Engineer: 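Questions regarding the structure given below will be posed in turn.
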Amino acid sequence: MILELPRRTEHFGAVRLHDVQRVYELDSGTRKFPTKAKEAVATISSDEIERINQKMVIVVPVKNERLKLLEGVLSGIPHDCHTIVVSNSSRSPVDRFMMEKQMIKEFNHFVEDKITLVHQQDPGIAEAFASIGYNSILQSGLVRDGKAEGMIIAMLLGKMLKKEYVGFIDADNYVPGAVHEYVEIYAAGFILSDSPYSMVRVSWVYKPKIAEDKLFFPKWGRVSDVSNRYMNHLIESYTGFGSEIIKTGNAGEHAISMRLADLLFYASGFAVETYELVNILEQFGGVIPPANPAVMLSGVDIFQIETRNPHLHEDKGDGHIQEMLSSSLGAIYHSPICPPKVKKSIMDTLDNKTPVRKGRKPNLPTILEPPLKVDITRFVATLRKKAQTLTEFG
Ligand code: GDD
C-alpha cells in the first residue's frame with residue numbers, strides 16, 4: 001500500500017491526533033521501496049501487512065443481518081487474520097444464529113480460515129463474566145444487548161488468542177473489497193505508529209445513497225458530521241485554537257493495538273466509537289492526572305485513513321440515526337473534561353435534531369471496564385466449560 005504520511009498532527013497532552021491520510025495505491029507489491037515522493041508518502045509492502053495480519057483479530061459484530069452480507073464480509077477478511085464473529089441475532093421464532101453458524105461452516109469448508117463464533121446471549125458467557133466480577137456488562141443475568149458489549153466479548157477472545165491488534169468490521173457491509181481494504185488500512189496504521197498504543201480509524205471517501213433515483217456520493221454520514229463537530233469543540237476549548245482534526249467520531253470500522261485496547265473504558269451500545277476518543281483524551285490528554293504514566297512517555301497515536309472504496313451498508317432508518325446521535329453526543333456531554341459551553345451547545349443541537357426529547361440531557365452511557373482488569377485465564381476456563389455456542393472453526 002502507498003499512503004500519505006500524516007500532513008498535520010495536533011497534540012492533546014500525550015495524544016497525537018493525525019489528520020486524514022489518503023491512500024495512493026492499494027497494493028504496492030511485496031517489496032518496500034522509496035518512491036520519488038518519499039518525504040510525503042509511505043510505501044508499505046504486502047509482506048509487512050501480512051506480518052501484522054498474523055497478529056490481528058478481526059471482529060465482526062452481527063445482529064440479524066442478511067446472511068449474504070455476513071458471508072461477503074468474511075470473504076473480504078485476509079486469511080492470515082483470525083476472525084471473531086459475535087452474534088446477537090435472534091434465536092426464535094427463526095434461529096438466525098444457527099443459520100449463521102451453518103453458513104460459516106459451509107464457507108469455511110472451502111477456505112479453512114480461523115474463525116471463532118459465539119452468541120452474545122449465551123448464559124455461559126454471562127457466567128464467565130460473573131466469575132471474574134465483570135458485572136458492568138450484565139443485565140438480568142445475561143450480557144446486555146449492544147454492539148459495544150459484543151466488542152468486549154471479542155476483545156477478550158482476542159486476548160485469549162494472544163493477539164496484538166484488534167480490528168472491527170460491521171457485518172452489514174455490501175462490498176467485500178472494501179472490507180479487505182479496511183484490514184490493509186489497519187495494518188498500515190499500526191506499521192506507521194511510533195507507539196505501542198495506537199488506534200486506526202477509517203474515514204470513508206464516500207457513503208453512497210440513492211436520492212431521487214440517482215446514486216449520490218455524500219462525504220459525511222448524518223451522525224458523524226455532528227459528533228465530529230463536538231469532538232473538535234471539545235479539543236479547541238482546551239487548545240485555544242479552532243480545530244477540524246477529528247473526522248472519524250463514529251468510525252464503526254477501526255482497530256486498536258491490544259496494549260491500548262486493554263486500558264480503555266468502553267461505552268455501551270452505539271456510543272462506543274465516540275467514547276473511545278473521549279476516553280483517550282480523558283486518560284492521556286493531561287487534563288486529568290494520568291492513571292498510566294508509562295503511556296504518557298510513549299504517547300498515543302490516532303490515525304484516520306481514508307478509503308478508496310466507498311462505504312455501502314444497510315440504511316436502518318431515522319429512528320436508528322437519532323439513537324446513534326444522542327448516544328454519541330451523550331458520550332461527549334457526560335465526560336468530566338467536557339466544558340459547560342460545549343454541553344450547552346450539545347443540548348441545543350439535540351433539542352433541534354431530536355425534538356421529542358427537548359430539554360432532556362442525553363443519557364449517561366453505561367461504562368464498561370478496561371479489559372486489563374479481567375483475569376483472562378479464569379474467564380477463558382469458565383467460557384470453554386460453559387459457553388455452548390462457542391465454536392472454533394479451522
Ligand atoms: N454482537 C452484536 N450485538 N452486534 C450488533 C448489535 C448487538 O447488540 N447491534 C448491532 N450489531 C451489529 C450490526 O449487525 C452491524 O454489523 C454492526 O453491529 C453495526 O450496527 P448497525 O445497527 O448496522 O449500525 P449502523 O450501520 O447504523 O452504524 C454503524 O456505523 C456507524 C458509523 O457510521 C455502527 O458501526 C456505529 O457504531 C457507527 O457509529
Side-chain angles (χ1 to χ4, degrees), residues 58-74 76-77 83-91 96-97 100 116-122 125 137 139 142-157 167-174 178-179 182 201-204 206-209 218-228 231 246-255 266-278 304 307 310-332 365-366 368 389:
I58 295 296
V59 176
V60 184
V62 57
K63 186 174 179 184
N64 299 330
E65 303 294 353
R66 300 177 213 211
L67 280 188
K68 281 219 182 308
L69 293 189
L70 176 60
E71 203 237 17
V73 168
L74 297 180
I77 299 173
T83 302
I84 299 179
V85 180
V86 180
S87 171
N88 197 16
S89 298
S90 39
R91 308 283 332 245
R96 293 197 59 88
F97 174 71
E100 290 161 359
T116 303
L117 168 72
V118 76
H119 196 275
Q120 192 163 328
Q121 306 286 324
D122 186 326
I125 298 196
I137 202 165
Q139 190 173 46
L142 289 176
V143 169
R144 206 180 19 253
D145 277 338
K147 183 183 165 193
E149 284 70 1
M151 288 165 60
I152 292 278
I153 295 171
M155 278 190 257
L156 297 186
L157 291 171
F168 303 95
I169 298 192
D170 289 349
D172 60 345
N173 236 301
Y174 275 92
V179 170
Y182 298 151
R201 301 173 72 96
V202 163
S203 168
W204 295 294
Y206 299 113
K207 290 182 98 177
K209 301 260 172 313
K219 184 97 184 96
W220 303 111
R222 286 177 285 177
V223 179
S224 51
D225 198 17
V226 182
S227 37
N228 289 342
M231 280 305 304
I246 300 290
K247 313 250 180 13
T248 55
N250 291 87
E253 271 72 19
H254 68 288
Y266 296 87
S268 177
F270 288 111
V272 60
E273 287 94 9
T274 311
Y275 186 71
E276 281 168 2
L277 285 178
V278 171
Q304 308 180 93
T307 58
H311 185 62
L312 213 65
H313 72 139
E314 287 277 85
D315 189 346
K316 300 205 168 114
D318 284 350
H320 182 63
I321 295 284
Q322 296 210 347
E323 183 200 334
M324 285 201 337
L325 183 71
S326 91
S327 304
S328 296
L329 294 188
I332 304 173
T366 303
L368 303 158
T389 62

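Side chains are part of it too, since the values below use all heavy atoms of this structure and drop only hydrogens, waters and symmetry mates. All of these numbers come straight from a predicted model, not from anything done at the bench. Each ligand, and each atom within it, is numbered from 1 in the order the structure gives.
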Engineer: Side chain, backbone, both or neither: which applies to Gln120 and ligand 1 if a contact is any heavy-atom pair less than 4.0 Å apart?
Structural biologist: side chain
Engineer: Which of the atoms of ligand 1 are close to Met324, meaning less than 4.0 Å from one of its heavy atoms?
Structural biologist: 27 (O), 28 (O), 31 (C), 36 (C)
Engineer: Dump the intermediate steps for side-chain contact (heavy atoms from CB on, under 4.5 Å) on Val202 and Thr248, then the final yes or no.
Structural biologist: CA-CA 7 Å; Val202 163; Thr248 55; over 6 Å; no
Engineer: Does ligand 1 come near enough to Val86 that some N or O of the ligand is less than 3.5 Å from an N or O of the residue?
Structural biologist: yes
Engineer: Any N or O on Asp145 sitting closer than 3.5 Å to an N or O of ligand 1?
Structural biologist: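 Not met; the criterion fails.
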Engineer: Which is closest to atom 16 (O) of ligand 1 by heavy-atom distance: Gly150, Ser227, Ala171?
Structural biologist: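 Looking at heavy atoms only, the winner is Ala171.
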Engineer: Going by the side-chain hydrogen bond (donor to acceptor under 3.5 Å, both in side chains) test, name the single residue among Arg96, Lys63, Glu100, His119 that passes it with Ser89.
Structural biologist: Glu100
Engineer: Hey, is ligand 1 close enough to Ser87 that some N/O pair sits below 3.5 Å?
Structural biologist: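 Min N/O separation from ligand 1 is not below 3.5 Å for Ser87.
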Engineer: Sequence neighbours left out, what passes side-chain contact (heavy atoms from CB on, under 4.5 Å) with Ala148? Give chain and number order.
Structural biologist: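 Partners of Ala148 under the side-chain contact (heavy atoms from CB on, under 4.5 Å) test: Val272, Leu368.
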Engineer: Number the atoms of ligand 1 from 1 as they appear, then name those within less than 4.0 Å of a heavy atom of Glu65, with their elements.
Structural biologist: 13 (C), 14 (O), 15 (C), 16 (O), 23 (O)
Engineer: Any idea which atoms of ligand 1 are less than 4.0 Å away from a heavy-atom of Asp170?
Structural biologist: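 Near Asp170, meaning under 4.0 Å from one of its heavy atoms, ligand 1 has 16 (O), 17 (C), 19 (C), 29 (C), 30 (O), 34 (C), 35 (O).
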Engineer: List the steps and the verdict of side-chain contact (heavy atoms from CB on, under 4.5 Å) for Val62 and Val86.
Structural biologist: CA-CA 6 Å; Val62 57; Val86 180; over 6 Å; no
Engineer: OG of Ser87 to CG of Asn64: how many Å apart, nearest 0.5 Å?
Structural biologist: 7.5 Å
Engineer: Does the pair Glu71/Arg66 count as a salt bridge with the N-to-O cut at 4.0 Å?
Structural biologist: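 No salt bridge links Glu71 with Arg66.
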Engineer: Taking 4.0 angstrom as the limit, do Arg201 and Glu253 come out as a salt bridge?
Structural biologist: no
Engineer: Where the closest heavy atom to atom 7 (C) of ligand 1 is concerned, which of Ser328, Gly146, Ala271 has it?
Structural biologist: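 Heavy atom nearest to atom 7 (C) of ligand 1 belongs to Gly146.
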Engineer: Hey, which atoms in ligand 1 end up nearer than 4.0 Å to a heavy atom of Glu273?
Structural biologist: 35 (O), 36 (C), 37 (O), 38 (C), 39 (O)
